[in-house]
Amino acid sequence: MHKDLDKKKCMDMFRQLYLTRRYSETVVELGDKGFIRGPLHPGIGMEAVCVGVLNATNDDDYIGVSHRGQAASVVRNSDIGLLFAEQFGKKQGCNHGKGGTMHFNLFNEKRFFELDSEVAGKVPIFTGVALGCKIKGLKQISVVFYGDGAMSEGWVHESMNLAKTLELPIIFVVENNQYAVTTKVEYSCSAKHLSDRAKAYGFEGIEVDGMDVEKIYEAAKDSVLKVRSGSGPINIVANSYRFCGHFTAERILNLKYRSNEEIEEWQKRDPVSTWPDRLVREKICTSREIEAIKAAAEQELVLAVEFAKAGDLPEPQDGLKDMYATEYAGIPRKGWF
Ligand SMILES: Cc1ncc(C[n+]2csc(CCOP(=O)(O)OP(=O)(O)O)c2C)c(N)n1
Ligand SMILES: [Mg+2]
């Protein structure tokens, strides 16, 4: 076991893996029951990537997570009730019900943007954040997560090139779940190893087992140390898998783009079960302690869902709050409602 991973940290990482998994499953159930509208993009199966990387960062580092990055909220100890309330579109949500299922963030309090529907859109933004850290001489670094499909977007390449040219303090984390919707990574990407792309821009690219939270932590810890010391960007490619469909609507579309055998093979390496099994096997904790973490997480979820259900929908005029602009040329603002 990595030397930093003492019992408390190991168990905390299990709590984060389990709570994220159950949070995502609960969101899907609530969507099916009509409490949450719109398609949902859970990261079921991919939790270890975000958990491993974020545990290696400091709380004040800047994090941009992908549309499957639900684990980031849990690792940064966000109130899950605020997240459910946001998904329900309630005023009490972390973005006052205006972000909904696909656009919420906790940038001010937790220093991360979560869930954003624009594939790869956060990559140039967080390259800019890294540039800001460098110009201001801050010790914080920027970490941005994106998918294997996003990796072929043009602005990712512009960002990687700029990050190396200016030696920016940024870690590019590719959550390679093998597919972009239904397109297999081998079909969309010319490089055999996605990490070769970083090498083409002159910086280090690392491939890591995205189902093994310890290995991800280890790669991230080394990378964070190097990047914080000013040695320029690093790319971590975490090879992982989503057990669920691309989005919840996939179940009715009945798409056949991968076999059940392939899904089952990856499920054998599910971090939500292999990690606690290892902790018990290596006598780091007991199965009773694991069960206690699960029970506490279930309780937290029940309270969070109750909070969201009891919340209120925003008023129409709330739509004009929290805007950057207060005047709209040519639009009679007062006449809207
Ligand atoms: C700029 C942009 N292009 C296309 C889409 C539609 N879209 C949403 S998710 C997705 C697939 C992204 O694949 P990947 O980057 O591998 O992330 P994953 O969904 O697998 O986590 C696409 C094409 C979008 N939301 N934004
Ligand atoms: Mg993908």
Side-chain angles (χ1 to χ4, degrees), residues 43 45-50 52-53 56 64-69 119-124 126-127 143-165 167-168 170-224 226-227 231-246 255-271 274:
M46 299 160 57
E47 298 87 349
V49 183
C50 210
V53 172
V65 298
S66 80
H67 51 288
R68 299 191 196 281
V119 165
K122 275 189 295 287
V123 182
F126 275 77
T127 305
V143 180
V144 66
F145 292 80
Y146 51 100
D148 45 287
M151 177 115 196
S152 292
E153 289 269 7
W155 47 10
V156 170
H157 293 268
E158 293 170 40
S159 301
M160 289 169 86
N161 182 53
L162 188 73
K164 179 59 191 168
T165 306
E167 299 289 13
L168 300 182
I170 181 164
I171 304 181
F172 297 97
V173 183
V174 179
E175 298 173 290
N176 178 11
N177 61 8
Q178 317 301 324
Y179 292 90
V181 193
T182 56
T183 305
K184 186 124 182 78
V185 62
E186 284 84 7
Y187 185 83
S188 66
C189 179
S190 57
K192 187 152 181 250
H193 301 290
L194 299 193
S195 58
D196 288 346
R197 291 192 164 179
K199 291 170 193 156
Y201 292 107
F203 63 94
E204 190 179 353
I206 309 165
E207 299 267 335
V208 63
D209 179 354
M211 306 306 268
D212 184 332
V213 75
E214 185 204 6
K215 292 225 168 71
I216 300 159
Y217 175 83
E218 195 171 23
K221 189 82 194 178
D222 283 356
S223 303
V224 166
K226 287 184 195 162
V227 168
S231 66
I234 291 187
N235 178 206
I236 299 176
V237 176
N239 295 308
S240 177
Y241 200 77
R242 60 170 159 73
F243 300 154
C244 51
H246 167 71
L255 302 172
K256 292 267 179 258
Y257 60 95
R258 54 185 188 167
S259 66
N260 289 340
E261 291 74 33
E262 180 182 296
I263 300 171
E264 283 159 17
E265 244 351 272
W266 280 90
Q267 278 174 331
K268 288 182 191 156
R269 299 166 54 209
D270 182 356
T274 55

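- One N or O on the side chain of Glu207 and one on the backbone of Ser195 form a donor-acceptor pair closer than 3.5 Å.
- The distance from the CG atom of Leu194 to the CD1 atom of Ile236 is 13.5 Å, given to the nearest 0.5 Å.
- For the atom pair Glu264 CD and Ser259 OG, the distance stands at 8.5 Å (nearest 0.5 Å).
- The main-chain N or O of Gly149 is never found under 3.5 Å from a side-chain atom of Ser188 such that the two would form a donor-acceptor pair.
- Applying the salt bridge (charged side-chain N to carboxylate O under 4.0 Å, His left out) test to residues at least two apart or on different chains, the pairs with a partner in residues 178-188 are Lys184-Glu186.
- With rounding to the nearest 0.5 angstrom, the CD atom of Glu167 is 10.0 Å from the CZ atom of Phe203.
- The closest donor-acceptor contact from the side chain of Arg197 to the backbone of Asn235 lies at 3.5 Å or more, if one exists at all.
- The nearest pair of heavy atoms linking Val49 to Gly210 is CG2-O, 3.7 Å.
- The minimum heavy-atom distance linking Val208 with Ala219 is given by the pair CG2-CB, 4.3 Å.
- Applying the salt bridge (charged side-chain N to carboxylate O under 4.0 Å, His left out) test to residues at least two apart or on different chains, none of the pairs has a partner in residues 147-157.
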message: For Arg68 and His246: C-alpha separation, side-chain torsions, deciding distance, then whether side chain to side chain contact (heavy atoms under 4.5 Å, CB included) applies.
response: CA-CA 10 Å; Arg68 299 191 196 281; His246 167 71; 2.8 Å; yes

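- With rounding to the nearest 0.5 Å, the separation of CG in Asp212 from CD in Glu218 is 9.0 Å.
- Checking side-chain atoms of Gln267 against main-chain N and O of Glu265 turns up no donor-acceptor pair under 3.5 Å.
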query: Under the side chain to side chain contact (heavy atoms under 4.5 Å, CB included) criterion, do Phe172 and Val144 qualify, and how do the steps go?
result: CA-CA 5 Å; Phe172 297 97; Val144 66; 3.9 Å; yes

Check against side chain to side chain contact (heavy atoms under 4.5 Å, CB included), Cys189 and Met151: CA-CA 8 Å; Cys189 179; Met151 177 115 196; 5.6 Å; no

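- Between Ala163 and Ile170, the closest heavy-atom pair is CB-CG2, 3.8 Å.
- Inter-residue side-chain proximity for Tyr201 and Pro233 is flagged as unmet; no heavy-atom pair is nearer than 4.5 Å.
- The distance from atom NZ of Lys199 to atom CD1 of Ile206, rounded to the nearest 0.5 Å, is 9.0 Å.
- The aromatic rings of Tyr241 and Trp266 sit parallel to each other, their planes meeting at less than 30°, with 60° as the upper class boundary.
- Gly205 approaches Ala198 most closely through the heavy-atom pair CA-CB, 3.9 Å.
- Here the side chains of Val53 and Ile171 are not in contact, with every heavy-atom distance at 4.5 Å or above.
- Closest non-hydrogen pair, Tyr257 versus Val181, comes out as CE1-O, 3.6 Å.
- In this structure, the side chains of Val174 and Tyr146 come closer than 4.5 Å at one or more pairs of heavy atoms.
- Closest of all the heavy-atom pairs between Ser240 and Gly45 is OG-O, 3.8 Å.
- The shortest side-chain heavy-atom distance between Met211 and Thr274 does not fall under the 4.5 Å cut-off.
- When the shell of 6.0 Å around NZ of Lys215 is examined, it contains 12 or fewer heavy atoms from other residues, nucleotides or ligands.
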message: Could you walk me through whether Gln178 and Arg258 satisfy the side chain to side chain contact (heavy atoms under 4.5 Å, CB included) test, starting with their C-alpha distance in whole Å, then the side-chain angles of each, then the deciding distance to 0.1 Å, before giving a yes or no?
response: CA-CA 10 Å; Gln178 317 301 324; Arg258 54 185 188 167; over 6 Å; no

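- From Leu162, atom CG reaches atom CE of Met160 across 12.5 Å, with rounding to the nearest 0.5 Å.
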